[in-house]
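A short write-up of the structure that comes next.
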Amino acid sequence: MGEFVMHRLFPIVCNMSLTASVVILAVLAVRLLLRRAPKVFSYALWAVVLFRLLCPVSVTSAVSLLGALGAPAQERSAVTSVVEYVPADIVRNMAPAVTPLPQEPFPAEPGENIISAAPSVTQPDAAPVSPLSGPVAVLTLTWLTGMALLLLYSVVSLLRLRCRLVGAVRLEDNIYLADHIPSPFVMGLFRPKIYLPSTLTETERGYILRHEQYHLRRRDHVVKLLSFLALCVHWFNPLVWAAFILAGKDMEMSCDEAVVRELGEDIRADYSASLLSLATGRRIVAGMPLAFGEGDTGGRIRNLLNWKRPQPWIIAVCAVVCVGLIALCAANPKGSGTPTEDPPADRTETGQWPSVEAYVQQVMLSQTEARYYAENADGTASGQPHTAAVTDRKLEYLTKGGELAGLALDGVLEEWEYFYLVKLDVDTASVALVGGQYYDNEEYFSLDDRHVIVALRHDDGSYDILCDDPINDGGDFFGYHNTIEEAIYDWYVTDQNLDLPLYVEDWIDQINYNNPNDKPGNYPVHRYDVDGGYLYIPGSAWIMADVTAHRSHGHWEWYSGYDTGSILTVDRFTQTLEDEYITSRKQGFEPLDDTKQIWKRRQDGINERYYFYPTADGNGCWRVWTLWTDLGISDYPYIFIEPQVMYLMAESFTPTESLPAAGASTRTTMTSTYRAEVDGRAADLTVSYTVEQKNGEPRLCSLDSARARNVHGWEQVHLAATVEQHQSLFGSGLYQYLVPVSYEADRGSGWETFQAVVEISLTGQYSPRRTLTQEELAAYNAVMDPAVRDESGDIVDFHIQPFSYFFSSYYKNVRNLNFEEFIRYFPDSGQATEAEFEALKKLDDWPFNRVARMEDMPVPIHRHTVSSINEVLTRWGGITTSDLDTSGVCYLEEYDAYYTYTSDFNMFYFIAESGEQVGNYVYLRKSVENGNIAVLTLRLMPGTDEWQIVSHWRSGS
């Protein structure tokens, strides 16, 4: 029974809930359009939601809302299908059984790292499935528990209500009066009864009784029961709760309107007064399936006062809209493939494989069909996937990422990644490539995801395949781990539910931000092992101090990367805990409670804590010390949380004698700081980055963040700075990087944006740097300025330099410059001839095809030979037209020239306001619109006085 609930029932419920969510959103949108229409139409729309929540199968139709949204459907019969966002039997992963292989094209050595082959078969065996562990079982149990609690709450509430109805008096037929109820309600399923408060006047009773009788006439008590049962099943879906509440409101308002429609609009005031007299502020029967009462008095009164008898044409339009929406939402798209079947009863849970290669081969052989999207005549992809037979397969790669010994008792854990292509029995041109799909020159398609495998290698070289999951280039599996071995470790510990600490945890739910909108999606922390214990350190913003000389004495230290003065240290002492308590009290510390584990001291705005732990071997004790200052902590969200984070770090410390290790971390978070000066004012710019050791050599993995700190002269400096990733480049050597950083500072007249270059050196050797003098800036500007000036500086003429057209666009690399803008006003190589004009007319992208004669052209045609363009590109950019995207400009191969058509001219220039030289690179800056900065990066050519353009970029773009 448990297998059925987890393997079959729970995925079905998830699919119904997801499908109903789409329908609920559609109903909410149409309900908004019908807000002025009679509520009976809004109430009717909820019927299709109830159907979707309770019935997993529906009839198929060529016209379907779910089909238009591309919902995945599977056939159940010739006329029915089921939508499967969560595939049937999701709790089992595909894993072929052990079968004799028809061929062995793969080497069987498990240590081989990269293997590629292309097996080809026609009749492979179907692949059975293996069970999914842990998480789905927990989700299923949580779902069943929530459903049981809702039902229990309903039963208890119903029993309590029955106790209050002991003295109810029958008025007539199924109508009863009760003394201890504040509002009327209907109770019962097969023989429903109407209960009215005994305090109602005759007039009020008449109105309310008609309202309740309308409920019974429409079988609302049955609808209410079904709605509550649907809510119990789908309690985890907030949209279902919203639907349950709104449907109840529409039910009540539609009954109110029915009463007014029958008795006339003149009773609206009296009827509203009756409702007002029953308003109690709460519903005594909320959540009971066999009893429901009235609620939302204010909304019902407003609806009655605004109600007008609708015109017949309005009713007709609303009816058409409702019927159309219900039909669209109730129908399923036609399913693809064949109906899914239960896995065979003799399926093996795990299989022994001679090699990982043999397993991957069988996975490939087992794929006999593939789903794809067809390409429509207009080039778009079809709304529904199609199914094609797989005629061949080809392995793109099979790579071993790493291995971990000592954790699994019966073997070595290994991580592999693989990806393969398939050939289909359809025309290649008919397949639409979506979501990064492609096909190679042999017409093999990439229609599936890349996969990661965790395998257990036994001593005899055979394998158990523990998981085979789709990934995106290994990123989902790798996560925030420093090594692939750590990722294997955490996966296995989680999968096997081992009582071992993970390498990566997420603390986001344990941290409170001063502004909830600043709260990120996660807050990863990484385990750091000390000699005899471990604790968790955030993956960013906390830097390990270089205390190598003190490690042998049992001392470790971390400090805040935001320069707030916050610090955390871990020390091991040979003294006993009692001795440390005495020392702490002498230092002015006091225990937080009787356990004496945590001691605190506060003086002069400095907040300190000691956390004490006994050692695992019983020799001495551990002390974790945290310190932060009132002055250092601000409202900046990542600084505001520092005290909380430090306390969590200290509380995470765990003494232990030994732990299974996943191997030493190969990644380290580091920082580099540069003091930027502007007009005598100074700010420190710090860039955080991650370095990995690769084959004994350091390698920059990522530029993570930047921050700024006021040193002197500024009114204030904004803490958050921006790493201009697109401008970062290699410095003078292989291990040096130049990282432009933008920051904001205030001289006293408002915020301004500035930029400086922070150099990262992985070897400790930095390039010479200096600020350019005014004379050097003038020399650069003299070359770039197109104006010819007299002695007084007035412009008397223009001398357009061809290289100035490098400034017609912004680009992170000179190879990305906009060629169309570059050449638009570029000096031509002469006017085009009649022969060239006739050749241009034959080009598909020539915009003047309808101009018969050259003299009728509205603008001149300019010829730019490739040789003249390349001369400028090579001299000033070190590139040619072959390095650029030139597709936007008309080109004639027989003349080897590009052609533009303008009757005006434009000039571009860059007049630098400041600059600096770092090694062989020069950064020139000028202010542009909206407070941004344009940066021109030049590379000085060694041994010459010449330079070339590297990039032309603007901050904020």
Checking Tyr373 against Gln437: is there a side-chain donor and acceptor pair closer than 3.5 Å? no
What I want to check is whether the side chains of Asp468 and Tyr418 have a donor and an acceptor closer together than 3.5 Å.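 Short answer, yes.
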Residues Ser446, Phe419; criterion side chain to side chain contact (heavy atoms under 4.5 Å, CB included); working and verdict: CA-CA 9 Å; Ser446 67; Phe419 180 56; 3.5 Å; yes
Give the C-alpha distance, both sets of side-chain angles, the deciding distance and a yes or no for side chain to side chain contact (heavy atoms under 4.5 Å, CB included) between Leu466 and Trp491. CA-CA 10 Å; Leu466 304 184; Trp491 180 90; 3.6 Å; yes
Show the nearest heavy-atom pair for residues [X] and [Y], with the distance to one decimal.
X	Y	answer
Glu415	Ile484	OE1-CG1, 3.7 Å
Ala230	Val240	O-CG1, 4.5 Å
Tyr372	Leu447	CB-CD1, 4.2 Å
Tyr480	Val504	O-CG2, 3.7 Å
Ala330	Phe51	O-CE2, 3.8 Å
Met147	Trp235	N-NE1, 3.3 Å

Who passes ring pair (Phe, Tyr, Trp, His ring centres under 6.0 Å) against Phe445, sequence neighbours left out? Tyr439
Can you tell me how far the [atom1] atom of [X] sits from the [atom2] atom of [Y], to the nearest 0.5 Å?
X	Y	atom1	atom2	value
His211	Cys255	NE2	SG	4.5 Å
Asp425	Asp392	CG	CG	12.0 Å
Cys14	Leu139	SG	CG	8.0 Å
Gln510	Tyr523	CD	OH	11.5 Å
Leu231	Leu50	CG	CG	11.0 Å
Leu239	His234	CG	NE2	12.0 Å

May I ask you to decide if Cys329's main-chain N or O and Arg52's side chain share a donor-acceptor pair within less than 3.5 Å?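 Judged by distance alone, yes, a pair lies under 3.5 Å.
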Quick one: does any side-chain atom of Arg31 pair with a main-chain N or O of Leu45 as donor and acceptor, under 3.5 Å?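 Side chain of Arg31 to backbone of Leu45, a donor-acceptor pair under 3.5 Å: no, none is there.
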If the plane angle is over 60° it's perpendicular, under 30° parallel, otherwise tilted; pick one for Tyr463 and Trp416.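 It falls in the perpendicular class, over 60°.
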Can you confirm whether more than 12 heavy atoms, excluding those of Tyr513, are under 6.0 Å from its OH atom?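 Counting neighbours around OH of Tyr513, more than 12 heavy atoms of other residues, nucleotides or ligands fall under 6.0 Å, so yes.
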Before you tell me yes or no, could you show the steps for Leu246 and Trp46 under side chain to side chain contact (heavy atoms under 4.5 Å, CB included), namely the whole-Å CA-CA distance, both residues' side-chain angles and the distance that decides it to 0.1 Å? CA-CA 9 Å; Leu246 294 176; Trp46 295 112; 3.7 Å; yes
Audit row: Met16, Thr19, side chain to side chain contact (heavy atoms under 4.5 Å, CB included) steps and yes/no: CA-CA 5 Å; Met16 288 194 297; Thr19 303; 5.8 Å; no
